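Since the structure comes first, as structure tokens, the remarks are kept for the end.
Remember, it's a predicted structure, so these values are computed and weren't measured experimentally. The chains referred to below are lettered A, B, ... by the order of the sequence lines, with proteins before strands, and numbering in each begins at 1.
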Amino acid sequence: MAYYITTPIYYVNAEPHLGHAYTTVVADVVARLKRLKGEEVFFLTGTDEHGDKIVRAAEKAGLNPKEYVDRIAAKFRETWPLLHIEYSRFIRTTDPYHKKVVQLVLQRLYEKGDISFGEYEGLYCFGCERFLTPKELLDGLCPDHKSPPTPLRESNYFFDLPRYQDWLIDHLRKHPDFINPPGYREEVLGLLREDLGPLCISRPKSRLSWGIEFPFDRNYVTYVWFDALLNYLSGIGYPEDPAWKKWWSVAEHVIAKDILKPHAVYWPIMLRALGLPVYRRLHVHGYWNLNQAKMSKSLGNVVRPQDLVARYGADRVRYFLLREMAFGQDAEFSEEALIVRTNAELANDFGNLVFRTLSMVKKYFGGRVPGPGEETPEDLTLRDRLLSAVRSYLSEMEAFRFHRALVTLNEAVAAANQYVDRQAPWELKKRGETERLSRVLYTLLESLRVLAVVLWPVMPKAMELLLRNLGLAPEEELHLERALSWGRLSPGGATEKGRVLFPRLEKPGFAQEEAREEAEMEEKLYPIEEFKKWDLRVAEVVAAERVPGTDRLLMLKVRCPEERTVVAGIAEYYRPEDLVGKKVVLVANLKPARIRGVVSQGMILAARDKGGLKLLVPEGEVSPGAEVG
RNA sequence: GGCGGCGUAGCUCAGCGGUAGAGCGGGGAUCUCAUAAGUCCUAGGUCGGGGGUUCGAGUCCCUCCGCCGCCA
């Protein structure tokens with residue numbers, strides 16, 4: 001059996017972040033699971049590198065677009081191996097073969113009549129070099145350039161979505177599992193209840209040159225989705241490499257919810273128009289919300305996957321990502337949660353089970369696998385619980401319910417820990433019941449072997465190490481069928497106690513930072529004498545005007561009671577005429593400073609937040625020059 | 001504004017028509033093979049508000065509120 005899984009190609013206007021990492025880890029885990037089952041797997045990921053955002057990001061970085069995309073694409077390629085992600089191919093939309101495929105598809109659909117030329121009218125901002133949507137405007141102005149956009153007509157190419165709308169609705173109805181989880185299928189059906197318009201798929205080269213040229217009109221390049229989505233076909237060699245058909249018939253995509261519409265609406269229609277079968281399934285996950293309060297500061301605001309791996313290790317991060325998020329829904333990410341979760345489930349429960357078992361085997365049997373002996377009902381109960389947990393784990397994993405899958409498996413781990421306590425091998429040892437002791441430890445070793453294999457897709461490196469510590473060769477054991485046949489460990493085999501698999505983390509980062517913060521707070525307290533150094537006074541504004549050539553500065557004449565000139569950066573919030581007569585608070589003993597040629601003799605106090613800036617004013621009547629303190 | 005999702009114990013979430021659940025944290029006890037780990041006991045939340053359907057509703061319907069996403 002073959003299996004083809006993809007991540008989206010990531011847009012290279014930013015470096016890899018947690019969301020990218022999650023999608024890619026999910027795809028890798030599923031790919032490994034399928035390989036474990038003996039299936040032949042193709043796993044595609046890559047980068048999306050065209051468009052005006054890239055051009056602008058490149059300009060900002062002082063590079064030409066190609067240099068820029070090369071640099072960011074490299075960051076993605078460097079990041080995935082750190083997370084132990086093993087993809088089959090990394091595709092870039094700037095690959096010559098991909099470009100060729102896009103052009104071929106455009107040509108074919110154009111000839112077929114699915115692409116037509118038409119006029120588009122919209123509000124264009126010359127500063128941004130793009131059309132703005134009505135929603136983006138602020139009081140009718142471009143939010144970035146504060147200028148009114150120009151109504152502009154532009155001719156473009158359009159893809160005829162409406163022609164296939166009914167077909168798509170029908171397809172969704174006939175294939176209930178086409179989109180997973182089912183909530184997103186409902187959402188798509190909702191989208192399709194309204195008429196789709198034609199999809200604009202071009203940009204005139206005069207406006208955007210960083211794209212793939214239309215084969216039948218050199219004045220245009222493709223825009224966004226038409227280019228990007230086709231990677232799923234070009235990445236497997238469509239149409240030249242005959243192998244593409246094998247993969248395409250079993251294709252499954254993994255995406256985040258923000259790109260649902262292109263994948264669930266545009267893409268199936270493109271495929272239909274091309275006369276190709278649609279992909280098999282679309283798996284949609286939610287967002288990671290970052291809980292800043294529970295983040296270590298040294299990591300910064302953006303969670304970089306590289307940093308997480310460096311700090312916690314790939315296996316722990318992979319486990320946490322799958323365990324913490326209910327696939328399809330949003331989840332909260334924090335390092336504190338990562339530490340707490342992996343401490344409890346990986347260190348205390350699973351890791352400790354491994355270590356105590358191997359420890360007893362070493363202590364009581366010199367590290368040799370003991371003989372299986374006779375199986376009692378207790379042994380059989382554990383074996384049954386474990387194997388049935390593994391079965392539901394596997395089916396939950398295949399359904400992309402990773403979260404539940406791991407919960408199920410943890411229950412089996414708990415059962416094994418209970419078994420250890422109830423059988424109390426140390427008692428058996430004391431009483432000299434070697435036969436029974438032998439059986440108990442054999443049962444535990446077998447349990448670990450099965451767990452190691454089925455958890456390998458999630459935590460490949462740690463589980464390979466565990467298998468080796470059990471005296472087994474990973475490449476021999478990593479086959480699901482073999483793994484599930486009880487009794488593969490042969491008595492006498494050498495085991496290794498090894499190192500603790502998942503050392504418990506004591507949250508040192510947080511304790512230290514909290515302490516440092518407290519210390520800083522302490523240092524930031526000052527005696528009142530410090531405050532008294534400042535000469536704060538009420539001042540009355542007698543005149544105000546803009547400082548020529550600036551957007552933000554006002555020049556104020558104030559009385560306090562002597563007259564002074566003060567420059568204040570409040571022009572975005574106050575008009576000069578509204579200020580005259582206002583009483584404000586002035587810092588009167590600042591060193592005079594020359595700002596834009598004007599000497600400012602003091603500073604006006606104001607409060608600022610998201611909503612803007614507000615001057616501090618006395619609540620009632622006071623005379624100019626009154627002391628503030 | 002339209003569509004969809006979410007709102008259940010301090011925290012993270014399961015449950016989706018039949019007497020409110022798990023894990024973590026908290027409290028108590030206990031074993032000693034083990035990573036100050038394990039095991040056992042314990043926690044009393046008007047299941048966002050209101051209305052309705054039903055013998056019976058976190059669980060279905062309507063409505064309101066809050067948060068999130070997509071779209072216009």
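A donor atom on one side chain and an acceptor atom on the other are found under 3.5 Å apart for A:Asn410 and A:Glu345. When only modelled atom types and interatomic distance are considered, A:Tyr10 and A:Thr24 share a side-chain donor-acceptor pair under 3.5 Å. Using modelled atom types and a 3.5 Å distance limit, the side chains of A:Asn180 and A:Arg401 yield no donor-acceptor pair. Side-chain contact check for A:Arg504 and A:Asn348: at least one donor-acceptor pair (N or O, by modelled atom type) lies under 3.5 Å. Residues A:Thr376 and A:Asp379 have side chains that bring a donor and an acceptor to within less than 3.5 angstrom of each other.
Closest to the side chain of A:Phe502, from the set B:rU39, B:rU35, B:rU12, is B:rU35. Distance from the side chain of A:Phe355 is smallest for B:rU35 among the nucleotides B:rU12, B:rU35, B:rC33. Of the listed nucleotides (B:rU35, B:rC13, B:rC33), B:rC13 has the atom at the smallest distance from the side chain of A:His403. Listed nucleotides: B:rU35, B:rU32, B:rU39. Nearest to the side chain of A:Asn417: B:rU39. Between B:rC70, B:rC33, B:rU39, one nucleotide has an atom nearer to the side chain of A:Asp258 than all others, and that is B:rC70. Picking from B:rG69, B:rU39, B:rA34 the nucleotide with the shortest atom distance to the side chain of A:Tyr287 gives B:rG69. Checking B:rU35, B:rC33, B:rC70 against every side-chain atom of A:Trp426, the shortest atom distance belongs to B:rC33. Comparing B:rA37, B:rU32, B:rA14 against the side chain of A:Glu427 picks out B:rU32 as the nearest.
Sorted by residue number, the list of members of residues 441-465 of chain A with any non-hydrogen atom under 4.0 Å from RNA chain B is empty. Against RNA chain B, the stretch residues 371-388 of chain A makes no heavy-atom approach under 4.0 Å.
Aromatic ring centres of A:Tyr279 and A:Phe178: separated by under 6.0 Å. Here the two rings, on A:Phe226 and A:Tyr266, have centers that are 6.0 Å apart or farther.
Among the protein residues, A:Asp330 comes within range of the sugar-phosphate backbone only, with heavy atoms under 4.0 Å from sugar or phosphate atoms but none that close to a base. A:Pro503 comes within 4.0 angstrom of a base, heavy atoms only. As judged by a 4.0 angstrom heavy-atom cut-off over every strand, A:Ala424 is placed among residues making no nucleic acid contact.
A:Lys430 has no side-chain polar atom (N or O) that falls below the 4.0 Å cut-off from OP1 or OP2 of B:rC33. For B:rG15, one of the phosphate oxygens OP1 or OP2 lies less than 4.0 angstrom from a side-chain nitrogen or oxygen of A:Arg404.
Look at B:rG58: its glycosidic torsion is within 90° of 0, and that puts it in the syn range.
Pairs engaging residues 448-465 of chain A under the salt bridge (charged side-chain N to carboxylate O under 4.0 Å, His left out) rule: A:Glu446-A:Arg449 [sequence neighbours left out]. The salt bridge (charged side-chain N to carboxylate O under 4.0 Å, His left out) contacts involving residues 346-362 of chain A comprise A:Arg356-A:Asp421, where partners must be two or more places apart or lie in separate chains. Pairs engaging residues 251-267 of chain A under the salt bridge (charged side-chain N to carboxylate O under 4.0 Å, His left out) rule: A:Glu252-A:Arg280, A:Lys257-A:Asp330 [sequence neighbours left out].
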Q | RNA chain B base-pair string [pairs: Watson-Crick or G-U under 3.5 Å; |: paired with another strand] | A | ((((((((.[[[[.)..(..]]]].(((((.......))))).....[[[[[..)....]]]]]))))))).
Where do N or O atoms of nucleotides 3-8 of chain B meet protein N or O atoms at under 3.5 Å, pair by pair?
{"unit_1": "B:rG4", "atom_1": "O2'", "unit_2": "A:Glu187", "atom_2": "OE1", "d": "3.3"}

(Q) Does the protein touch nucleotides 20-27 of chain B at the base, only the backbone, or not at all? Give it as B, S and - per nucleotide, heavy atoms under 4.0 Å. (A) ----S---
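With sequence neighbours excluded, the residues forming a side-chain contact (heavy atoms from CB on, under 4.5 Å) with A:Phe355 are A:Lys497, A:Val500, listed by chain and number. Under the rule for a side chain to side chain donor-acceptor pair (under 3.5 Å), A:Glu374 has no partner lying at least two apart in sequence or in another chain. A search for ring-ring contact (aromatic ring centres under 6.0 Å, His included) contacts involving A:Trp426 returns nothing, not counting sequence neighbours. For A:Arg163, the side-chain contact (heavy atoms from CB on, under 4.5 Å) partners at least two apart in sequence or on another chain are A:Asp114, A:Asp160.
Following rounding to the nearest Å, A:Trp288 (CH2) and B:rU12 (C1') show an atom-to-atom distance of 11 Å. Following rounding to the nearest Å, A:Tyr364 (OH) and B:rA34 (C1') show an atom-to-atom distance of 10 Å.
A:His263 and A:Tyr232 have tilted rings, their planes meeting at an angle from 30° to 60° on a 0 to 90° scale. Ring orientation note: the planes of A:Phe159 and A:Tyr164 are close to parallel, at an angle under 30° on the 30°/60° scale.
Rounding to the nearest 0.5 Å places CG of A:Leu489 at 6.0 Å from CG of A:Leu445.
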